[in-house]
Amino acid sequence: MDGTTNRPGDGSGSRRYMPIADHGLIGDLRSVALVATDGTIDWYCAPCFDAPSVFAALLDADRGGCFELRAAVPARTKQFYFPDTNVLITRFFTEDGVGEVQDFMPVSGESAEEGRHRLIRRVLCVRGSLPFRALVAPRFGYAALPHTLRVTGDVAVFESDAMDLALTATVPLEQDGVDVRSEFKLAEGETAVFALDQVGGELAPRDCAHEEAEREFATTVRYWRDWLSASHYRGRWREMVHRSALTLKLLTYAPTGAIVAAPTTSLPEEFGGERNWDYRYMWVRDAAFCVYAMLRLGFTEEAEAFMAFVSRHISPGDGKPSGPLQIMYGIDGRTDLPERTLDHLEGHRGSCPVRVGNAAADQLQLDVYGALIDSIYLYDKWAEPISSEQWEHVTALVEWVCANWDQPDEGIWETRGGRKNFLYSRLMCWVAIERGVRMARRRGLPADLPRWTACRDAIYRRIMTECWSDELRAFVQHEGGEVLDAALLMMPMAKFVAPKDPKWLSTLDCLTRELVSDSLVYRYDPHVSPDGLHGEEGTFSICSFWYVEALTRAGRLDEARLAFEKMLTYGNHLGLYAEEIGHTGQQQGNFPQAFTHLALISAAYNLDRALG
């Protein structure tokens, strides 16, 4: 074997790659797998989100590795989630019968089996009879590490220097070099089970017969339904909101409470372009906004876990150039996230480079202070009062912001075109101080309120004078510029400006003219605001939901509802969103993106409330 795995199809061009949106997501709160609509697992990292990949056909159709499980005859396919769960069903419709594959990853507890990380695929024939075929072709270490294979009966063990995986099955397995194949036929009512487990050390290969698979299925369904039952949302878009909540939960790393921005790396923002980044880390901004979305729906456990992560891993006095906060952390709290390229992988549809790690971790992005302190303020208000130690951390952060808000930074969009005095960074520094003032006053906590309020007011006046353009009749991206930025949509949501303030309404109209296309919103125009990168990008989905919320708060409810309903049509067949939407409506960028789903929740919640 040459270590390659060719995807079904004609073997040429982009047909070797399923579109980004043609995938569903399963996970166990440690890692996830992406399952394509043709039944192939294209992406899976084990044992955690940011570990090297085991299956990465999404980034290299030939070398990446995959777990194919499909009907062995021509079939139409449909995919859906078992109601109110993260159990994914892929159905195959053929001339002779109907079959389905149930994909799920049991959520382990604090037990000796916690390190197992099971991936279970149960095949059923529900009508007629149907032949199936399977190909299990792992490629360890981002397809850079060789492995060996041992097949004994119904157990195959893949062994590499990085880790070992065991495949157990209820149908015969055939060795094909270092891969495993299986062909079998099921009659109506019959099932077959495949289970992929991490093994080694005390974890031996474990059988997964029909009865155990049924128990694991029932337990996993019960877990997700019990979790979702805590939701308070009963509004018009319940199905979409709950799918977004379930997706955000899948992006949570249970051992530490970290929330990853997305579970993938290097899915292109532009096909053939260089805007390919690794999102498998915890951005302070994204995770803090997730806390807001979860608290809105009534999920306090996730907010509490995130607060515990902050307390354990973020020290207010470490003296780094970016201040006491990094913009992102590893899921285990580590701060060193060196960026490198994997030149042996061709990238999704030839979009290279493929990157792991993220050099933006060293950037100065002042807005993260406001995002974090706002989430702490909301947790203190809606969940439970923060501790005295946590308040000491908050005061240290606010003091740092008071001393450092007046400096250029890379901004929310992590531009690589040089630092500027971005309005959004100033805005969120204002939020950091303003929320600190609110907490201190509401609970009578000790704080240097005269200094805090003076700094807060200075930032307000600076934005109003230096970030307003008389020519555009709008607020602008940065001081001294004439460029618009969709991040401005946060101004009324942060309660910096009244949602019907004439200056804001004029800005909203200007943004609508310049950055909005059929409800879809561009972040900015890279031609007039160079970001240090080549190529174009699509519309940014979180900005599109921010736009809905801005229209809602401005009282333009008919426009807001239409824009929201249009945005729902851009979700995939399961209601999942990547980072961006391309010119023809295709999803681009890492998938699914937490930022987009939390913004959907916020927009739906506030639009629902405004509609009554």
Side-chain angles (χ1 to χ4, degrees), residues 29-30 48-50 110 114 248-249 251-261 280-296 298-337 361 365-404 428-429 431-440 442-448 452 594 598:
L29 309 185
R30 271 88 175 155
C48 54
F49 290 106
D50 58 359
E110 300 297 324
E114 185 182 1
L248 291 179
K249 181 64 173 177
L251 302 184
T252 302
Y253 184 61
T256 64
I259 304 170
V260 297
R280 299 170 301 155
Y281 307 111
M282 193 207 77
W283 267 253
V284 171
R285 174 194 308 111
D286 301 41
F289 285 172
C290 279
V291 168
Y292 165 80
M294 289 297 203
L295 286 173
R296 268 295 183 208
F299 298 109
T300 58
E301 180 181 322
E302 289 68 31
E304 183 177 351
F306 174 68
M307 292 301 156
F309 179 94
V310 171
S311 296
R312 281 195 305 270
H313 299 296
I314 299 179
S315 170
D318 59 10
K320 292 183 178 178
S322 61
L325 290 184
Q326 265 194 199
I327 68 161
M328 74 180 83
Y329 295 82
I331 55 175
D332 56 359
R334 71 187 186 280
T335 56
D336 188 22
L337 306 173
Q365 297 176 22
L366 292 168
D367 68 281
V368 299
Y369 292 89
L372 177 60
I373 293 177
D374 191 42
S375 71
I376 295 172
Y377 162 77
L378 294 172
Y379 179 78
D380 182 77
K381 181 180 179 182
W382 292 343
E384 64 178 42
I386 62 172
S387 68
S388 56
E389 183 179 10
Q390 287 172 316
W391 176 246
E392 289 178 9
H393 289 176
V394 169
T395 56
L397 292 175
V398 173
E399 289 289 343
W400 188 90
V401 172
C402 285
N404 292 277
M428 296 308 286
C429 285
V431 167
I433 301 170
E434 199 273 341
R435 301 304 191 263
V437 169
R438 284 195 195 190
M439 278 190 282
R442 191 179 74 247
R443 292 188 49 197
L445 296 169
D448 189 352
W452 289 12
L598 66 91

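Everything numeric here is computed off the predicted structure, so don't read it as measured data.
- Listed for the W452 side chain is no donor-acceptor partner under 3.5 Å among the backbone atoms of T395.
- Atom CZ of R296 and atom CG of L598 lie 13.5 Å apart (nearest 0.5 Å).
- Scanning both residues, W400 and G323, for their nearest heavy atoms gives CZ2-CA, 3.4 Å.
- Checked against salt bridge (Lys or Arg N to Asp or Glu O under 4.0 Å), D286 has no partners two or more places apart in sequence or in another chain.
- Summarising the geometry, atom CH2 belonging to W283 is positioned 13.5 Å from atom CD1 belonging to I259; distances are rounded to the nearest 0.5 Å.
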Side-chain atoms of residues 382-389: list all donor-acceptor pairs with protein atoms under 3.5 Å, sequence neighbours left out, distances to 0.1 Å.
unit_1: S387; atom_1: OG; unit_2: Q390; atom_2: N; d: 3.1
unit_1: S387; atom_1: OG; unit_2: Q390; atom_2: OE1; d: 3.4

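- Within the 3.5 Å criterion, the main-chain N or O of G370 finds no donor-acceptor partner in the side chain of D374.
- The two residues L397 and P324 make their nearest non-hydrogen contact at CD2-CG, 3.7 Å.
- The aromatic rings of F309 and F306 sit parallel to each other, their planes meeting at less than 30°, with 60° as the upper class boundary.
- R280 meets the side chain to side chain donor-acceptor pair (under 3.5 Å) test with Y142, D278; sequence neighbours excluded.
- Interatomic distance, R285 CZ to D367 CG, rounded to the nearest 0.5 Å: 4.0 Å.
- Across L248 and C290, no two heavy atoms sit closer than the pair CD2-SG, 3.8 Å.
- In terms of the side-chain contact (heavy atoms from CB on, under 4.5 Å) criterion, residue partners of E434 (sequence neighbours excluded) are, by chain and number, W430, R438, R456.
- Separation of atoms CG (L29) and OG1 (T252) is listed at 6.5 Å; rounding is to 0.5 Å.
- In terms of modelled atom types and a separation under 3.5 Å, the side chain of Q326 and the main chain of T335 share a donor-acceptor contact.
- For V401, the side-chain contact (heavy atoms from CB on, under 4.5 Å) partners at least two apart in sequence or on another chain are Y369, W405, C429, A432, I433.
- With R435 contributing its side chain and I376 its backbone, the two residues share no donor-acceptor pair below 3.5 Å.
- Counting only heavy atoms from C-beta outward, the side chains of R30 and F49 never approach each other to under 4.5 Å.
- Residues A303 and V291 approach most closely at CB-CG1, 3.7 Å, considering heavy atoms.
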Item to complete: Before giving the answer on side-chain contact (heavy atoms from CB on, under 4.5 Å), spell out for R312 and T256 the whole-Å C-alpha distance, their side-chain angles and the decisive distance to 0.1 Å.
Response: CA-CA 9 Å; R312 281 195 305 270; T256 64; 3.9 Å; yes
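- Contact between M282 and A287 at its shortest, heavy atoms only, is CG-CB, 3.8 Å.
- Taking all atoms of both residues into account, the shortest heavy-atom contact from A288 to A371 is CB-O, 3.3 Å.
- Here the straight-line distance linking atom CE of M294 with atom NZ of K249 works out to 6.5 Å at 0.5 Å rounding.
- In this structure R334 satisfies the salt bridge (Lys or Arg N to Asp or Glu O under 4.0 Å) test together with D50, D332, sequence neighbours excluded.
- Between the CG atom in L325 and the CD1 atom in I373 there is a gap of 8.0 Å [rounded to 0.5 Å].
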